[in-house]
Enquirer: 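The following block contains the structure, expressed as C-alpha cells.
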Amino acid sequence: MIPVELFAALQAGPLDAVLAPLYWVLALWSDLLFAVGDATGLSFLDYAFMHRAILVGLCIGVMAPLIGTFLVHRQLALIGDALAHTAFAGVAIGLFLNGVFSLGVSPYLTAVVVAVIAALLIELISEATDAYNDVSMAIVLSTGFALGTVLISLNAGGLAVGINQYLFGNLSTVSAENAAILLVLFAVIVGTVALTRNQLLYVTFDETAAAVSGISVTWYNRVMVMLTALVVVGAMQIMGVILVAAMLVVPVAGAAQVSRSFSESLLVSVVLAELAVLLGIGASYYGEATAGGVIVLFAVGIYVVSVAVGKLQARAGEDATPELGSIESSDL
Amino acid sequence: MSALRNGESAETAESADTGVADDATDDGRGSSGPLVELADVEFGYTATPVVEDISLRIDPGEYVAIVGPNGSGKSTLMKLILGLLRPDEGTARLFGEPSHAFDDGARIGYVAQHASASKEMPITVREVVKMGRFPHVGFGRLSAEDHRIVDEALATVGMSDFANRRVTKLSGGQRQRAFIARALAGEADLLVLDEPTVGVDAESVDAFYDLLEALNEEGITILLIEHDLGAVTDHARRVVCLNREVYFDGPTDEFVESDALARAFGTAASFAGGSGGGRA
C-alpha cells in the first residue's frame with residue numbers, strides 16, 4: 001500500500017514542519033487572551049479552546065465577507081452553499097480514509113482538496129454552457145452531500161463518527177492543527193485578494209469591459225471560485241456546512257445597504273461580520289447554543305438594522321443634488 | 001479603402017498601404033499598420049450567420065461609424081473586432097495580433113451600451129473611472145499621476161461634482177458619462193463606443209460628439225457603433241453600413257448620396273436620426 005505510506009509520511013512530516021511557526025503564533029495569541037481574561041474577568045477566556053475559536057472566528061469575519069463581496073455582486077451568492085456541501089463530501093472522504101486506512105489526516109485537508117476540485121468543476125461547467133446556471137449548481141450541491149452521507153454510512157467506524165461538528169460547527173473542537181490550517185488559508189485568501197483586487201473588482205463590476213481591457217475573465221473567475229472553496233472550508237469549523245454560506249452573503253448584503261463606495265462596502269462588511277462573530281461566540285458560550293446558528297442570527301439582525309439605516313441615509317441625502325457639468329472638449 | 005486624415009504622418013500612410021500587420025512588437029502610439037483588420041469574417045451564434053463576408057480595415061487616426069438597422073449584427077461585429085468573439089470563418093486582427101489573443105488593454109477604450117455593468121453594486125463614479133487606469137497599473141497601486149488623469153477625465157465629462165456619488169443613484173445619462181470618463185482615463189489609442197449616447201440628454205449628445213472629434217484630432221482612432229444616423233453623418237468621416245454584410249464602406253459624404261442606406265435598412269430611412277433605439 002504505497003499510497004497509504006506516502007499519505008502517512010506526508011501527514012507526519014512536512015505538514016507539521018510548515019505549521020510549527022503557526023503553533024507558536026497560537027500560543028502567543030492564547031497568552032494574550034488569558035491576560036485579557038484576567039483583566040476583564042470574562043470567564044470564557046479561561047479556556048484555550050475558546051482562544052482558538054475566537055481567532056478562527058475573527059479570521060472568518062475578514063475572509064468570508066471579503067470574498068462574499070465579489071460573489072454577491074455577481075449574483076453568485078449560492079455558490080458558497082454548493083461548495084460547502086461538496087466540502088462536506090471532502091470531510092467524509094477524509095473520515096473514510098482515516099477509518100479504513102487509519103491515516104490520521106485532518107478531514108479539513110481533504111475537504112479543501114475536494115472543494116477546490118468541485119469549484120473548478122462548477123466553473124468549467126459554466127464556461128462550457130456559457131452561464132452559471134442554478135441547475136448545475138444544484139446538481140453539484142446534492143452530489144456532494146449525497147457522496148458525503150453515503151461515505152459516512154459506509155465508514156468502518158460506522159455512524160459513531162461525530163459528523164455533527166462538521167454539519168453544524170463546533171467551538172470546542174477547533175484543534176490547534178485546524179486553527180493553524182485556517183491561518184494558512186487566511187493568508188492565501190487575503191494575499192490573493194490584495195494582489196488581484198483591481199482585476200477582481202473590474203471583472204465583478206463589468207465583465208465585458210474587463211475582458212476588453214485585457215483581463216483574463218476566465219482565469220479570474222477560476223481564482224474566485226477556488227478562493228470561495230477555501231473560505232468555505234475554513235469557516236466550516238465554526239459555522240458548519242449548512243450555515244457557512246451565510247457569512248459570505250449576509251454581512252455583504254448589509255454593507256451594500258449603507259455603503260456608497262466599493263472600498264467602503266468591503267470595510268463595512270468586514271466590520272459587520274466581526275460584530276456578528278464576536279457577539280455570536282459570546283452569546284453561544286453563555287447561552288450554551290450552537291455558535292454557527294447564533295452567529296448567523298446576529299448577522300441577520302445586523303442586516304435588518306443596516307436596511308433601516310440605509311433607508312434613513314437615503315432620505316437624508318436626497319436634498320443635495322450637484323450641478324451636472326458640461327462635456328468639455330476645449331481643454332484637451 | 002483607407003480614409004486617412006490629413007496631418008497623420010506619412011509613415012503611417014505608407015505602411016498602411018503595404019497592409020503588413022505582423023509587427024506585433026511595435027507598441028508605440030504611432031504604430032504602423034491597421035489597428036483593426038477583418039478578412040472575410042463570418043460569425044453566427046447558431047448555424048445562421050449573423051455577419052458574413054466582412055472585410056474591414058481601420059487605420060490609425062480614422063473616425064469610423066458602423067451603422068445598420070436593429071439586428072444587423074453591429075454589436076456582434078464590434079465583439080469580433082474586440083476579440084470577445086472568435087470568427088467562424090476568416091480572421092480578425094487587432095493591432096496586428098489575432099483579436100482574441102490581444103491583451104494590451106491599455107490601448108483600447110471601450111464604452112458599452114449601458115446595460116452591461118452591474119446595477120446594484122455599491123461603487124462610486126470615481127471608482128468606476130479609476131478602472132480605466134487598471135490596464136496601466138496591473139497589480140500595482142494607482143499613482144498620483146493616475147489619480148490626476150482620473151480627475152481630468154471626470155472634469156472632461158462634467159462629472160467632477162458626482163465623483164463620490166454611488167453609480168446606482170445616477171440617471172442613465174449620468175452613468176453613461178461615467179463610463180465615457182472611464183474610457184478617457186484609459187488614454188487608449190483606439191476608442192470603441194457602442195451606442196454611447198443612449199439615455200444622454202440631447203444637449204450633452206452634441207457636446208459629446210464634439211469631444212469625440214477633439215479626441216480624434218489628437219490622433220485617437222474612433223470606432224462608433226450608432227443607430228442615430230444624424231449623429232453619424234454629422235461627425236464621422238467614414239461610414240460602414242451593415243446589415244449582415246457590408247453594404248457600404250467609404251467617406252460619409254458618399255454614403256449620404258448613395259442608396260446604401262435604403263438597401264441596408266430595407267425601408268425608407270432618413271438621416272433625421274432615429275431615437276427609437278433598441279439594441280442590435
Side-chain angles (χ1 to χ4, degrees), chain A residues 69-70 72-76 130 192 194-217 219 252-269 310 313-314 317-318 320-332, chain B residues 79 82-84 102-112 116-118 120-124 126-128 130-132 134-135 137-140 142 152 155-162 164-166 169 173-174 177 179-180 182-183 186 192 203-204 207-208 210-215 217-218:
Chain A
T69 299
F70 295 105
V72 166
H73 298 305
R74 303 193 64 184
Q75 271 90 42
L76 284 179
D130 230 14
T192 311
L195 181 68
T196 61
R197 67 207 180 286
N198 289 351
Q199 289 77 4
L200 292 177
L201 171 60
Y202 210 159
V203 170
T204 304
F205 180 67
D206 191 341
E207 202 173 286
T208 313
V212 173
S213 82
I215 293 170
S216 169
V217 174
W219 177 241
V252 175
Q257 299 294 322
V258 296
S259 309
R260 209 166 40 186
S261 72
F262 184 75
S263 31
E264 188 185 335
S265 81
L266 265 183
L267 190 68
V268 172
S269 64
Q313 269 182 347
E318 266 166 19
T321 304
E323 190 78 6
L324 190 64
S326 56
I327 296 176
E328 297 292 342
S329 45
S330 51
D331 60 341
L332 283 168
Chain B
K79 285 180 180 157
L82 291 172
L84 297 172
F102 182 79
D103 64 354
D104 185 1
R107 304 194 67 179
I108 312 171
Y110 170 63
V111 180
S116 80
S118 167
E120 285 128 50
M121 195 164 147
I123 189 165
T124 62
R126 184 187 299 279
E127 284 177 316
V128 170
K130 274 158 75 176
M131 291 178 190
F134 285 176
V137 299
F139 295 123
L142 266 62
E152 225 168 63
T156 304
V157 297
M159 290 286 283
S160 294
D161 292 341
F162 285 79
N164 295 321
R165 287 275 159 144
R166 191 166 156 169
K169 307 276 190 223
Q174 291 164 347
R177 286 186 187 210
F179 289 131
I180 292 163
R182 178 173 73 186
V192 179
E203 207 172 313
S204 304
F208 171 67
D210 290 343
L211 171 65
L212 284 191
E213 211 148 309
L215 291 168
E217 313 246 328
E218 292 250 296

Enquirer: Quick one: does B/Phe139's side chain get under 4.5 Å of A/Asn198's, heavy atoms only?
Expert: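 Counting from C-beta outward, B/Phe139 and A/Asn198 never come under 4.5 Å.
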Enquirer: To the nearest 0.5 Å, what is the distance between CE (B/Met121) and CG (A/Leu201)?
Expert: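 Going from CE on B/Met121 over to CG on A/Leu201, the span is 5.0 Å.
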Enquirer: With a 4.5 angstrom heavy-atom cut-off, could you sort out which part of B/Val128 is near chain A: side chain, backbone, both or neither?
Expert: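 Answer is side chain: those atoms of B/Val128 sit under 4.5 Å from chain A.
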Enquirer: Nearest 0.5 angstrom please: A/Ser213 OG to B/Arg182 CZ, how far?
Expert: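 Reported to 0.5 Å precision, the distance equals 8.5 Å.
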Enquirer: With side chains defined as the heavy atoms from C-beta onward, is the minimum distance between A/Glu264 and B/Pro122 less than 4.5 Å?
Expert: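 They are not in side-chain contact.
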Enquirer: Is any side-chain heavy atom of A/His73 closer than 4.5 Å to a side-chain heavy atom of B/Ile123?
Expert: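 Not in contact.
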Enquirer: Below 4.5 Å, heavy atoms only, C-beta onward: do B/Lys169 and A/Arg260 meet side chain to side chain?
Expert: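 Counting from C-beta outward, B/Lys169 and A/Arg260 never come under 4.5 Å.
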Enquirer: Roughly how far, to the nearest 0.5 Å, is the CZ atom of B/Arg126 from the OG atom of A/Ser261?
Expert: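 One finds 11.0 Å between OG of A/Ser261 and CZ of B/Arg126.
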Enquirer: Do A/Glu207 and B/Leu84 have side chains that approach each other closer than 4.5 Å (heavy atoms only, starting at C-beta)?
Expert: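 No; the side chains remain at least 4.5 Å from each other.
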Enquirer: Which region of A/Thr69, side chain (C-beta onward) or backbone (N, CA, C, O), has a non-hydrogen atom less than 4.5 Å from a non-hydrogen atom of chain B, or is it both or neither?
Expert: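 Answer is neither: A/Thr69 stays 4.5 Å or more from chain B.
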Enquirer: Using non-hydrogen atoms only, which part of B/Val137 is less than 4.5 Å away from chain A: side chain, backbone, both, or neither?
Expert: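 Only the side chain of B/Val137 comes within 4.5 Å of chain A.
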Enquirer: Heavy atoms only, distances under 4.5 angstrom: which of B/Asp161, B/Leu142, B/Val111 has the most pairs with chain A? Name it, please.
Expert: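 Top count of heavy-atom pairs under 4.5 Å with chain A: B/Asp161.
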Enquirer: Examine whether an atom of A/Ile215 lies under 4.5 Å from a heavy atom of chain B, and if so say whether it belongs to the side chain, the backbone or both; otherwise answer neither.
Expert: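 Contact with chain B involves no heavy atom of A/Ile215 at all.
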